[in-house]
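So the structure is just underneath, and the comments pick up after that.
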Amino acid sequence: MIQALRGTRDILPEEVGYWQLIEATVREILSRAVYQEIRVPIFEQTALFERGIGEATDVVGKEMYTFSSRGDKSITLRPEGTAGVVRAYIQNKLHAQGGVQRLWYSGPMFRYERPQAGRQRQFHQVGLELLGCDAPRADVEVIALATDILRTLGLKNLELEINSVGNSQDRAQYREALISYLEPYQGDLDPDSQDRLTRNPLRILDSKDPKTQEIAQNAPKISENLSTESKKHFDLVLQLLTDLKIKYQINHCLVRGLDYYTHTAFEIKSDDLGAQATVCGGGRYDGLVKELGGPETQAVGWAIGMERLVLLLQQLESNLVNIPDMYIISRGEAAEAQGLILAQKLRNLGLRVELDLSSSAFGKQFKRADRSGAVACLILGDAEAQSNTVNLKWLASGEQQAITQSNLLDMVEELKLKIASLK
RNA sequence: GCGGGCGUAGCCAAGUGGUUAAGGCAGUGGUUUGUGGUACCACCAUUCGUGGGUUCAAGUCCCAUCGUCCGCCCCA
(Lines give C-alpha, C1' and ligand atoms only; values in the text may rest on other atoms or scores of the structure.)
Protein backbone atom coordinates (compact mmCIF):
# COMPACT_ATOMS: atom_id res chain seq x y z
CA MET A 1 0.00 0.00 0.00
CA ILE A 2 1.19 3.48 -0.79
CA GLN A 3 1.00 5.64 2.28
CA ALA A 4 1.33 9.33 2.94
CA LEU A 5 4.92 10.51 3.31
CA ARG A 6 6.43 10.82 6.75
CA GLY A 7 5.51 14.09 8.35
CA THR A 8 2.41 14.59 6.22
CA ARG A 9 -1.09 13.58 7.19
CA ASP A 10 -4.73 13.61 6.15
CA ILE A 11 -7.17 15.88 7.89
CA LEU A 12 -10.26 13.72 8.16
CA PRO A 13 -13.90 14.84 8.50
CA GLU A 14 -13.91 14.33 12.27
CA GLU A 15 -11.12 16.90 12.57
CA VAL A 16 -11.94 19.31 9.79
CA GLY A 17 -14.57 21.14 11.82
CA TYR A 18 -11.83 22.57 14.02
CA TRP A 19 -9.98 23.86 10.98
CA GLN A 20 -13.11 25.48 9.63
CA LEU A 21 -13.83 27.10 12.98
CA ILE A 22 -10.33 28.55 13.11
CA GLU A 23 -10.47 29.74 9.51
CA ALA A 24 -13.82 31.43 10.00
CA THR A 25 -12.65 33.12 13.20
CA VAL A 26 -9.43 34.36 11.61
CA ARG A 27 -11.29 35.67 8.57
CA GLU A 28 -13.82 37.51 10.69
CA ILE A 29 -11.40 39.10 13.13
CA LEU A 30 -8.87 40.13 10.51
CA SER A 31 -11.48 41.51 8.15
CA ARG A 32 -12.83 43.67 10.99
CA ALA A 33 -9.34 45.15 11.23
CA VAL A 34 -9.41 45.61 7.43
CA TYR A 35 -6.69 43.13 6.57
CA GLN A 36 -6.82 41.78 3.01
CA GLU A 37 -6.11 38.20 2.10
CA ILE A 38 -3.20 37.54 -0.24
CA ARG A 39 -2.41 34.22 -1.93
CA VAL A 40 1.11 33.56 -3.07
CA PRO A 41 2.84 30.49 -4.55
CA ILE A 42 3.93 27.66 -2.31
CA PHE A 43 7.26 27.38 -4.07
CA GLU A 44 9.73 30.09 -4.87
CA GLN A 45 13.28 30.49 -6.05
CA THR A 46 15.60 29.14 -3.39
CA ALA A 47 17.49 32.43 -3.24
CA LEU A 48 14.41 34.20 -1.84
CA PHE A 49 14.53 32.15 1.34
CA GLU A 50 18.32 32.09 1.56
CA ARG A 51 18.44 35.85 1.47
CA GLY A 52 15.25 36.49 3.40
CA ILE A 53 15.49 34.04 6.25
CA GLY A 54 19.27 34.00 6.48
CA GLU A 55 21.88 31.48 5.41
CA ALA A 56 23.00 30.76 8.93
CA THR A 57 19.57 29.73 10.21
CA ASP A 58 18.60 26.11 10.75
CA VAL A 59 15.57 26.55 8.54
CA VAL A 60 17.70 27.44 5.54
CA GLY A 61 20.72 25.36 6.49
CA LYS A 62 19.06 21.99 6.95
CA GLU A 63 15.29 22.08 6.74
CA MET A 64 14.39 23.24 3.25
CA TYR A 65 12.78 21.11 0.57
CA THR A 66 14.95 22.24 -2.31
CA PHE A 67 15.06 20.68 -5.75
CA SER A 68 15.91 21.74 -9.25
CA SER A 69 13.15 22.05 -11.80
CA ARG A 70 13.53 20.99 -15.41
CA GLY A 71 16.25 23.28 -16.55
CA ASP A 72 18.50 24.48 -13.84
CA LYS A 73 16.51 26.69 -11.48
CA SER A 74 16.77 25.88 -7.80
CA ILE A 75 13.32 25.81 -6.29
CA THR A 76 12.22 25.53 -2.67
CA LEU A 77 8.89 24.68 -1.09
CA ARG A 78 8.22 27.61 1.20
CA PRO A 79 9.30 26.95 4.81
CA GLU A 80 7.45 30.05 6.04
CA GLY A 81 5.14 32.70 4.67
CA THR A 82 6.73 36.08 5.16
CA ALA A 83 9.42 35.91 2.47
CA GLY A 84 6.89 35.10 -0.25
CA VAL A 85 4.48 37.80 0.82
CA VAL A 86 7.26 40.36 0.89
CA ARG A 87 8.38 39.22 -2.56
CA ALA A 88 4.83 39.69 -3.84
CA TYR A 89 4.63 43.09 -2.15
CA ILE A 90 7.76 44.22 -3.96
CA GLN A 91 7.03 42.58 -7.31
CA ASN A 92 3.49 43.96 -7.51
CA LYS A 93 4.59 47.33 -6.20
CA LEU A 94 2.02 47.32 -3.43
CA HIS A 95 4.18 49.91 -1.70
CA ALA A 96 3.34 52.32 -4.55
CA GLN A 97 -0.25 52.43 -3.32
CA GLY A 98 1.10 54.47 -0.47
CA GLY A 99 0.37 54.11 3.18
CA VAL A 100 0.14 50.88 5.03
CA GLN A 101 -0.59 47.43 3.62
CA ARG A 102 -2.37 45.01 5.90
CA LEU A 103 -2.20 41.48 4.51
CA TRP A 104 -2.97 37.98 5.70
CA TYR A 105 -2.45 34.54 4.22
CA SER A 106 -2.87 30.90 5.06
CA GLY A 107 -1.66 27.65 3.64
CA PRO A 108 0.85 24.83 3.82
CA MET A 109 4.52 25.26 4.71
CA PHE A 110 7.29 22.67 4.39
CA ARG A 111 10.28 21.90 6.53
CA TYR A 112 12.36 18.77 6.49
CA GLU A 113 12.41 17.92 10.19
CA ARG A 114 11.89 14.90 12.39
CA PRO A 115 8.13 14.84 13.06
CA GLN A 116 6.72 14.78 16.57
CA ALA A 117 3.55 15.99 18.24
CA GLY A 118 2.75 19.43 16.89
CA ARG A 119 5.47 19.26 14.28
CA GLN A 120 5.12 18.00 10.74
CA ARG A 121 6.99 18.30 7.49
CA GLN A 122 3.97 19.74 5.80
CA PHE A 123 2.17 21.98 8.23
CA HIS A 124 -0.15 24.93 7.94
CA GLN A 125 0.09 28.49 9.05
CA VAL A 126 -2.16 31.46 9.01
CA GLY A 127 -0.14 34.63 9.11
CA LEU A 128 -0.41 38.35 8.87
CA GLU A 129 1.91 41.13 7.74
CA LEU A 130 1.54 44.83 8.37
CA LEU A 131 3.86 46.63 5.99
CA GLY A 132 4.87 50.26 5.80
CA CYS A 133 4.73 51.37 9.41
CA ASP A 134 7.37 51.63 12.10
CA ALA A 135 5.11 52.83 14.92
CA PRO A 136 5.00 50.75 18.09
CA ARG A 137 1.24 50.87 17.70
CA ALA A 138 1.64 48.62 14.65
CA ASP A 139 3.49 46.00 16.72
CA VAL A 140 0.73 46.14 19.28
CA GLU A 141 -2.14 46.06 16.80
CA VAL A 142 -0.70 42.90 15.37
CA ILE A 143 -0.19 41.25 18.76
CA ALA A 144 -3.67 42.28 19.85
CA LEU A 145 -5.19 40.63 16.78
CA ALA A 146 -3.37 37.38 17.56
CA THR A 147 -4.60 37.39 21.13
CA ASP A 148 -8.12 38.27 19.93
CA ILE A 149 -8.17 35.27 17.64
CA LEU A 150 -6.92 32.91 20.32
CA ARG A 151 -9.26 34.30 22.96
CA THR A 152 -12.28 34.20 20.65
CA LEU A 153 -11.55 30.52 20.06
CA GLY A 154 -11.81 30.05 23.79
CA LEU A 155 -8.18 29.25 24.54
CA LYS A 156 -6.88 29.83 28.04
CA ASN A 157 -3.51 29.27 29.66
CA LEU A 158 -1.63 31.05 26.94
CA GLU A 159 1.38 33.18 27.68
CA LEU A 160 2.74 36.02 25.58
CA GLU A 161 6.51 36.27 25.75
CA ILE A 162 8.16 39.31 24.31
CA ASN A 163 11.63 40.74 23.81
CA SER A 164 13.41 43.31 21.74
CA VAL A 165 16.37 42.40 19.61
CA GLY A 166 16.97 46.05 18.64
CA ASN A 167 17.92 47.40 15.25
CA SER A 168 20.76 45.99 13.20
CA GLN A 169 23.44 48.14 14.85
CA ASP A 170 22.19 47.18 18.29
CA ARG A 171 22.33 43.58 17.29
CA ALA A 172 25.83 43.80 15.87
CA GLN A 173 27.10 45.52 19.01
CA TYR A 174 25.31 43.13 21.31
CA ARG A 175 26.68 40.21 19.35
CA GLU A 176 30.23 41.38 20.05
CA ALA A 177 29.47 41.94 23.72
CA LEU A 178 27.95 38.49 23.98
CA ILE A 179 30.83 36.79 22.26
CA SER A 180 33.38 38.41 24.53
CA TYR A 181 31.33 37.38 27.58
CA LEU A 182 30.92 33.80 26.39
CA GLU A 183 34.42 33.15 25.07
CA PRO A 184 36.01 32.42 28.47
CA TYR A 185 33.35 29.74 29.05
CA GLN A 186 33.70 28.21 25.62
CA GLY A 187 34.77 24.82 26.92
CA ASP A 188 31.80 24.60 29.31
CA LEU A 189 29.14 25.19 26.68
CA ASP A 190 27.24 22.31 25.12
CA PRO A 191 28.56 21.30 21.69
CA ASP A 192 25.72 22.94 19.74
CA SER A 193 26.31 26.21 21.50
CA GLN A 194 30.07 26.06 20.94
CA ASP A 195 29.24 25.70 17.32
CA ARG A 196 27.04 28.75 17.38
CA LEU A 197 29.49 30.95 19.23
CA THR A 198 30.69 32.63 16.09
CA ARG A 199 27.89 31.70 13.72
CA ASN A 200 24.78 32.69 15.66
CA PRO A 201 25.66 33.53 19.28
CA LEU A 202 22.23 34.99 20.16
CA ARG A 203 20.71 31.55 19.90
CA ILE A 204 22.95 30.28 22.68
CA LEU A 205 20.79 32.23 25.10
CA ASP A 206 17.80 29.93 24.81
CA SER A 207 19.75 26.68 24.89
CA LYS A 208 18.14 24.08 27.14
CA ASP A 209 21.42 22.63 28.30
CA PRO A 210 21.56 23.30 32.06
CA LYS A 211 25.20 24.30 32.16
CA THR A 212 24.82 26.62 29.19
CA GLN A 213 21.72 28.10 30.79
CA GLU A 214 23.66 28.81 33.93
CA ILE A 215 26.31 30.65 31.95
CA ALA A 216 23.67 32.48 29.91
CA GLN A 217 21.97 33.67 33.11
CA ASN A 218 24.66 36.24 33.75
CA ALA A 219 25.26 37.15 30.15
CA PRO A 220 24.63 40.76 29.17
CA LYS A 221 20.95 41.21 28.30
CA ILE A 222 20.03 42.58 24.94
CA SER A 223 17.27 44.75 26.35
CA GLU A 224 19.92 46.50 28.46
CA ASN A 225 22.14 47.05 25.43
CA LEU A 226 19.69 48.80 23.16
CA SER A 227 20.15 52.23 21.65
CA THR A 228 17.91 54.87 23.22
CA GLU A 229 15.74 54.82 20.12
CA SER A 230 15.26 51.06 20.21
CA LYS A 231 14.64 51.15 23.94
CA LYS A 232 11.99 53.82 23.43
CA HIS A 233 10.26 51.66 20.84
CA PHE A 234 10.26 48.62 23.10
CA ASP A 235 9.06 50.56 26.14
CA LEU A 236 6.19 52.03 24.18
CA VAL A 237 5.17 48.61 22.89
CA LEU A 238 5.07 47.34 26.47
CA GLN A 239 3.13 50.40 27.63
CA LEU A 240 0.52 49.99 24.89
CA LEU A 241 0.12 46.31 25.67
CA THR A 242 -0.58 47.27 29.26
CA ASP A 243 -3.08 49.89 28.08
CA LEU A 244 -4.88 47.17 26.15
CA LYS A 245 -4.74 44.91 29.22
CA ILE A 246 -2.73 42.31 27.33
CA LYS A 247 -0.55 40.41 29.78
CA TYR A 248 3.00 39.66 28.76
CA GLN A 249 6.22 38.25 30.10
CA ILE A 250 9.54 39.73 29.06
CA ASN A 251 11.86 36.93 28.04
CA HIS A 252 15.40 38.24 27.68
CA CYS A 253 16.45 35.03 26.01
CA LEU A 254 13.78 35.08 23.33
CA VAL A 255 15.63 35.24 20.05
CA ARG A 256 13.71 33.97 17.10
CA GLY A 257 15.24 31.60 14.63
CA LEU A 258 14.87 33.70 11.51
CA ASP A 259 17.43 36.39 10.83
CA TYR A 260 15.10 39.11 9.65
CA TYR A 261 13.68 40.10 13.02
CA THR A 262 14.41 43.55 14.46
CA HIS A 263 13.05 45.23 17.57
CA THR A 264 9.99 43.35 18.79
CA ALA A 265 10.07 39.56 18.84
CA PHE A 266 7.28 37.61 20.50
CA GLU A 267 5.81 34.17 20.94
CA ILE A 268 2.51 32.97 22.33
CA LYS A 269 2.96 29.68 24.13
CA SER A 270 0.81 27.02 25.72
CA ASP A 271 1.69 24.47 28.38
CA ASP A 272 -0.69 21.99 26.82
CA LEU A 273 1.35 21.19 23.72
CA GLY A 274 4.38 19.29 25.02
CA ALA A 275 7.74 20.24 23.59
CA GLN A 276 6.36 22.28 20.69
CA ALA A 277 4.81 24.96 22.86
CA THR A 278 4.66 27.92 20.50
CA VAL A 279 1.28 28.51 18.85
CA CYS A 280 2.07 31.91 17.43
CA GLY A 281 5.38 33.56 16.71
CA GLY A 282 6.29 36.82 15.11
CA GLY A 283 7.91 40.19 15.32
CA ARG A 284 9.13 43.23 13.48
CA TYR A 285 11.28 42.97 10.40
CA ASP A 286 12.35 46.43 9.33
CA GLY A 287 15.16 45.38 7.03
CA LEU A 288 13.61 42.56 5.03
CA VAL A 289 11.82 44.46 2.28
CA LYS A 290 14.97 46.36 1.41
CA GLU A 291 17.09 43.23 1.68
CA LEU A 292 14.86 41.60 -0.92
CA GLY A 293 15.17 44.50 -3.32
CA GLY A 294 12.26 46.71 -2.33
CA PRO A 295 12.21 50.20 -0.91
CA GLU A 296 13.08 50.77 2.74
CA THR A 297 9.90 49.55 4.44
CA GLN A 298 9.24 48.77 8.08
CA ALA A 299 6.94 45.89 8.87
CA VAL A 300 5.60 43.55 11.56
CA GLY A 301 3.89 40.21 11.34
CA TRP A 302 3.23 36.83 12.89
CA ALA A 303 2.23 33.31 12.02
CA ILE A 304 -0.02 30.90 13.86
CA GLY A 305 0.54 27.14 13.57
CA MET A 306 -2.77 25.61 12.55
CA GLU A 307 -2.02 22.06 13.67
CA ARG A 308 -0.98 23.25 17.11
CA LEU A 309 -4.07 25.38 17.40
CA VAL A 310 -6.23 22.43 16.39
CA LEU A 311 -4.55 20.34 19.10
CA LEU A 312 -5.45 22.96 21.70
CA LEU A 313 -8.98 23.36 20.42
CA GLN A 314 -9.60 19.63 20.52
CA GLN A 315 -8.89 19.74 24.23
CA LEU A 316 -11.77 22.21 24.61
CA GLU A 317 -14.43 21.69 22.02
CA SER A 318 -15.92 18.41 21.05
CA ASN A 319 -18.23 17.36 18.31
CA LEU A 320 -17.79 19.85 15.53
CA VAL A 321 -18.92 17.31 12.94
CA ASN A 322 -21.66 18.16 10.50
CA ILE A 323 -24.98 16.82 11.84
CA PRO A 324 -28.21 16.94 9.82
CA ASP A 325 -31.33 18.79 10.96
CA MET A 326 -33.57 16.37 9.20
CA TYR A 327 -33.25 12.81 7.94
CA ILE A 328 -35.44 11.57 5.10
CA ILE A 329 -36.45 7.94 4.86
CA SER A 330 -38.35 6.63 1.91
CA ARG A 331 -39.38 3.38 0.33
CA GLY A 332 -40.95 2.60 -3.03
CA GLU A 333 -40.13 4.07 -6.39
CA ALA A 334 -42.45 7.07 -6.32
CA ALA A 335 -41.73 7.86 -2.67
CA GLU A 336 -37.98 7.68 -3.19
CA ALA A 337 -38.20 10.15 -6.07
CA GLN A 338 -40.30 12.50 -3.98
CA GLY A 339 -37.88 12.17 -1.08
CA LEU A 340 -35.01 13.24 -3.29
CA ILE A 341 -36.96 16.25 -4.57
CA LEU A 342 -38.02 17.22 -1.06
CA ALA A 343 -34.42 16.97 0.17
CA GLN A 344 -33.28 19.41 -2.49
CA LYS A 345 -36.11 21.85 -1.79
CA LEU A 346 -35.50 21.80 1.96
CA ARG A 347 -31.75 22.26 1.46
CA ASN A 348 -32.42 25.25 -0.75
CA LEU A 349 -34.54 26.68 2.05
CA GLY A 350 -31.61 26.39 4.43
CA LEU A 351 -32.01 23.09 6.29
CA ARG A 352 -29.32 20.44 6.60
CA VAL A 353 -30.92 17.37 5.16
CA GLU A 354 -29.58 13.83 4.87
CA LEU A 355 -31.31 11.45 2.53
CA ASP A 356 -31.30 7.71 3.22
CA LEU A 357 -30.40 6.05 -0.06
CA SER A 358 -30.75 2.44 1.02
CA SER A 359 -34.34 1.40 0.12
CA SER A 360 -34.11 -0.95 3.10
CA ALA A 361 -36.88 -1.68 5.56
CA PHE A 362 -38.28 1.32 7.42
CA GLY A 363 -37.02 -0.10 10.68
CA LYS A 364 -33.46 0.01 9.42
CA GLN A 365 -33.85 3.49 8.06
CA PHE A 366 -35.20 4.72 11.39
CA LYS A 367 -32.19 3.26 13.10
CA ARG A 368 -29.91 5.21 10.81
CA ALA A 369 -32.00 8.34 11.32
CA ASP A 370 -31.27 8.05 15.05
CA ARG A 371 -27.58 7.48 14.57
CA SER A 372 -27.33 10.49 12.27
CA GLY A 373 -28.15 12.77 15.17
CA ALA A 374 -30.99 14.46 13.26
CA VAL A 375 -33.73 16.08 15.30
CA ALA A 376 -36.53 15.41 12.85
CA CYS A 377 -37.32 12.75 10.32
CA LEU A 378 -39.51 12.71 7.22
CA ILE A 379 -41.19 9.48 6.22
CA LEU A 380 -42.33 8.79 2.68
CA GLY A 381 -43.93 5.52 1.63
CA ASP A 382 -46.43 4.48 -1.01
CA ALA A 383 -49.36 6.05 0.83
CA GLU A 384 -47.67 9.43 1.19
CA ALA A 385 -46.43 9.34 -2.37
CA GLN A 386 -49.97 8.91 -3.62
CA SER A 387 -51.39 11.74 -1.61
CA ASN A 388 -48.38 14.08 -1.89
CA THR A 389 -48.09 14.13 1.87
CA VAL A 390 -45.28 13.33 4.23
CA ASN A 391 -45.01 12.19 7.82
CA LEU A 392 -42.95 14.50 9.96
CA LYS A 393 -41.63 12.79 13.06
CA TRP A 394 -39.74 14.35 15.95
CA LEU A 395 -37.25 11.73 16.91
CA ALA A 396 -36.80 12.60 20.58
CA SER A 397 -40.51 12.64 21.49
CA GLY A 398 -41.81 10.24 18.86
CA GLU A 399 -44.54 12.75 18.04
CA GLN A 400 -45.58 12.46 14.42
CA GLN A 401 -47.89 14.31 12.06
CA ALA A 402 -49.01 13.92 8.47
CA ILE A 403 -48.92 17.06 6.36
CA THR A 404 -48.93 17.85 2.71
CA GLN A 405 -45.56 18.36 1.12
CA SER A 406 -46.41 21.92 0.10
CA ASN A 407 -47.45 22.78 3.67
CA LEU A 408 -44.16 21.37 4.90
CA LEU A 409 -42.23 23.69 2.61
CA ASP A 410 -44.34 26.65 3.72
CA MET A 411 -43.56 26.07 7.37
CA VAL A 412 -39.80 25.76 7.03
CA GLU A 413 -39.05 28.86 9.11
CA GLU A 414 -41.19 27.50 11.91
CA LEU A 415 -39.42 24.15 11.63
CA LYS A 416 -36.00 25.79 11.86
CA LEU A 417 -36.96 27.40 15.15
CA LYS A 418 -38.26 24.16 16.58
CA ILE A 419 -35.18 22.25 15.40
CA ALA A 420 -32.87 24.84 16.94
CA SER A 421 -34.70 24.57 20.25
CA LEU A 422 -34.41 20.78 20.27
CA LYS A 423 -30.72 20.55 19.36
C1' G B 1 20.72 14.45 12.18
C1' C B 2 20.97 11.95 17.52
C1' G B 3 18.63 9.07 21.87
C1' G B 4 14.39 6.18 23.71
C1' G B 5 9.15 3.82 23.64
C1' C B 6 5.47 1.54 20.56
C1' G B 7 3.03 -1.03 15.95
C1' U B 8 -2.70 -7.35 16.88
C1' A B 9 -9.78 -5.60 12.70
C1' G B 10 -12.43 1.09 11.25
C1' C B 11 -11.45 2.24 16.91
C1' C B 12 -9.99 0.40 22.08
C1' A B 13 -7.49 -3.83 23.16
C1' A B 14 -6.11 -9.52 25.62
C1' G B 15 -2.11 -12.41 24.28
C1' U B 16 5.18 -13.09 27.30
C1' G B 17 7.52 -19.81 21.91
C1' G B 18 3.00 -24.82 21.44
C1' U B 19 -0.79 -24.39 16.87
C1' U B 20 -9.39 -22.65 16.83
C1' A B 21 -5.73 -14.98 17.38
C1' A B 22 -10.05 -13.38 23.83
C1' G B 23 -13.31 -9.26 24.77
C1' G B 24 -15.59 -4.37 23.96
C1' C B 25 -17.22 -0.29 20.60
C1' A B 26 -18.58 0.63 15.63
C1' G B 27 -20.59 -1.88 11.16
C1' U B 28 -23.87 -5.52 8.47
C1' G B 29 -28.03 -9.04 8.61
C1' G B 30 -32.05 -11.14 11.58
C1' U B 31 -36.01 -11.56 15.74
C1' U B 32 -39.34 -6.84 13.70
C1' U B 33 -41.07 -7.05 4.93
C1' G B 34 -44.55 1.17 7.45
C1' U B 35 -42.00 3.29 12.70
C1' G B 36 -36.28 3.99 15.61
C1' G B 37 -33.39 4.73 20.21
C1' U B 38 -33.58 -1.05 24.49
C1' A B 39 -32.85 -6.40 24.32
C1' C B 40 -31.35 -10.99 22.07
C1' C B 41 -28.99 -13.89 17.94
C1' A B 42 -25.62 -14.29 13.79
C1' C B 43 -21.68 -12.35 10.74
C1' C B 44 -17.27 -9.28 10.86
C1' A B 45 -8.33 -10.66 11.32
C1' U B 46 -6.45 -17.81 6.58
C1' U B 47 -3.68 -13.41 10.34
C1' C B 48 -0.66 -9.95 14.20
C1' G B 49 3.02 -2.72 10.02
C1' U B 50 6.41 -4.94 6.04
C1' G B 51 10.60 -8.19 4.53
C1' G B 52 14.03 -11.67 5.99
C1' G B 53 16.09 -15.09 9.79
C1' U B 54 16.24 -18.63 14.28
C1' U B 55 13.10 -22.98 15.69
C1' C B 56 9.91 -29.28 15.04
C1' A B 57 6.77 -24.81 16.21
C1' A B 58 6.87 -17.31 15.94
C1' G B 59 1.80 -12.29 17.23
C1' U B 60 5.51 -13.85 20.95
C1' C B 61 12.89 -14.41 19.89
C1' C B 62 16.72 -11.92 16.29
C1' C B 63 17.91 -8.52 12.13
C1' A B 64 16.43 -5.00 8.68
C1' U B 65 12.82 -1.63 7.01
C1' C B 66 8.52 1.57 7.26
C1' G B 67 5.28 4.21 10.34
C1' U B 68 4.11 6.53 14.92
C1' C B 69 4.97 8.65 19.75
C1' C B 70 8.37 11.05 23.54
C1' G B 71 12.82 13.87 24.09
C1' C B 72 17.32 16.64 21.83
C1' C B 73 17.74 20.12 17.93
C1' C B 74 14.60 23.70 15.72
C1' C B 75 10.18 26.21 15.19
C1' A B 76 4.29 27.26 13.84
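Naming convention: chains lettered A, B, ... in sequence-line order (proteins, then strands); numbering from 1 in each chain.
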Side chain of [X] - closest among [options]:
| X | options | value |
| --- | --- | --- |
| Lys364(A) | rC70(B), rG29(B), rC75(B) | rG29(B) |
| Gln3(A) | rC73(B), rG4(B), rC66(B) | rC66(B) |
| Lys62(A) | rU68(B), rC73(B), rG30(B) | rC73(B) |

Value in whole Å for how far the [atom2] atom of [N] lies from [atom1] of [X]:
| X | N | atom1 | atom2 | answer |
| --- | --- | --- | --- | --- |
| Arg6(A) | rU65(B) | CZ | P | 12 Å |
| Arg78(A) | rC75(B) | CZ | C1' | 16 Å |
| Arg121(A) | rU68(B) | CZ | P | 9 Å |
| Tyr112(A) | rC75(B) | OH | C1' | 17 Å |
| Asp272(A) | rC70(B) | CG | P | 14 Å |
| Leu357(A) | rU28(B) | CG | P | 14 Å |
| Gln116(A) | rG67(B) | CD | P | 16 Å |
| Leu205(A) | rC75(B) | CG | P | 13 Å |

Hunt down the Watson-Crick or G-U wobble partner of [N], both distances under 3.5 Å, from any strand shown, or write none.
| N | result |
| --- | --- |
| rC40(B) | rG30(B) |
| rU20(B) | none |
| rG1(B) | rC72(B) |
| rG51(B) | rC63(B) |

Interatomic distance at [atom1], [N] relative to [M], whole Å:
| N | M | atom1 | result |
| --- | --- | --- | --- |
| rC25(B) | rC6(B) | C1' | 23 Å |
| rA14(B) | rG23(B) | P | 15 Å |
| rG15(B) | rC61(B) | P | 13 Å |
| rA39(B) | rU47(B) | C1' | 33 Å |
| rG49(B) | rC69(B) | C1' | 15 Å |
| rU16(B) | rC48(B) | C1' | 15 Å |
| rU8(B) | rU60(B) | C1' | 11 Å |
| rG59(B) | rU50(B) | P | 11 Å |

Looking across every strand, which nucleic acid part, if any, lies under 4.0 Å from [X] by heavy atom: base, sugar-phosphate, or nothing?
| X | value |
| --- | --- |
| Gly7(A) | sugar-phosphate |
| Glu14(A) | nothing |
| Ala369(A) | nothing |
| Cys280(A) | sugar-phosphate |

### Query
Counting only distance, no hydrogens or angles, is the base of rC70(B) paired donor-acceptor with the side chain of Arg119(A) under 3.5 Å?
no
Where is the tightest heavy-atom contact between Ile323(A) and Ser372(A), given as atom of each residue plus distance?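 Result for this residue pair: CG2-O, 3.7 Å.
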Minimal heavy-atom distance between Asp134(A) and His233(A), with the atoms involved, is O-CE1, 3.2 Å
Margin query: Using the ring-ring contact (aromatic ring centres under 6.0 Å, His included) definition, which of the options Phe110(A), Trp19(A), Tyr105(A) pairs with His124(A)?
Written below: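 Of the listed residues Phe110(A), Trp19(A), Tyr105(A), the ring-ring contact (aromatic ring centres under 6.0 Å, His included) partner of His124(A) is Trp19(A).
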Under-3.5 Å N/O pairs linking protein and nucleotides 5-13 of chain B:
none

The criterion is side-chain hydrogen bond (donor to acceptor under 3.5 Å, both in side chains); which residues satisfy it with [X], sequence neighbours excluded?
| X | result |
| --- | --- |
| Ser74(A) | Thr46(A) |
| Tyr35(A) | Glu141(A) |
| Thr262(A) | none |
| Thr66(A) | Thr76(A) |

- Among all residues two or more places apart in sequence or in another chain, which pass the salt bridge (Lys or Arg N to Asp or Glu O under 4.0 Å) test with Lys221(A)?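 Lys221(A) satisfies salt bridge (Lys or Arg N to Asp or Glu O under 4.0 Å) with no residue once adjacent residues are dropped.
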Those residues at least two apart in sequence (or on a different chain) that pass salt bridge (Lys or Arg N to Asp or Glu O under 4.0 Å) with Glu28(A) are Arg32(A)
Can you name the one residue among Val300(A), Leu240(A), Leu130(A), Leu241(A) that meets side-chain contact (heavy atoms from CB on, under 4.5 Å) with Asp139(A)?
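For Asp139(A), the side-chain contact (heavy atoms from CB on, under 4.5 Å) test succeeds with only one of Val300(A), Leu240(A), Leu130(A), Leu241(A), which is Val300(A).
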Check your understanding: Tyr285(A): what forms a ring pair (Phe, Tyr, Trp, His ring centres under 6.0 Å) with it, not counting sequence neighbours?
Key ->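 Partners of Tyr285(A) under the ring pair (Phe, Tyr, Trp, His ring centres under 6.0 Å) test: Tyr260(A).
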Nucleotide by nucleotide, nucleotides 32-44 of chain B touches protein heavy atoms under 4.0 Å in the pattern (B base, S sugar-phosphate only, - none) -SBBBB-------
Quiz prompt | Pairwise 5' ranking along RNA chain B for Met306(A) and Leu5(A), keeping only the more 5' one | solution =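 Looking at the nearest nucleotide for each, Leu5(A) comes out on the 5' side.
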Whichever of Glu80(A) and Ser360(A) has the more 5' nearest nucleotide on RNA chain B, that residue is Ser360(A)
After noting the C-alpha distance and the side-chain angles of Thr404(A) and Asn388(A), does the key distance pass the side chain to side chain donor-acceptor pair (under 3.5 Å) rule?
CA-CA 6 Å; Thr404(A) 67; Asn388(A) 289 311; over 6 Å; no
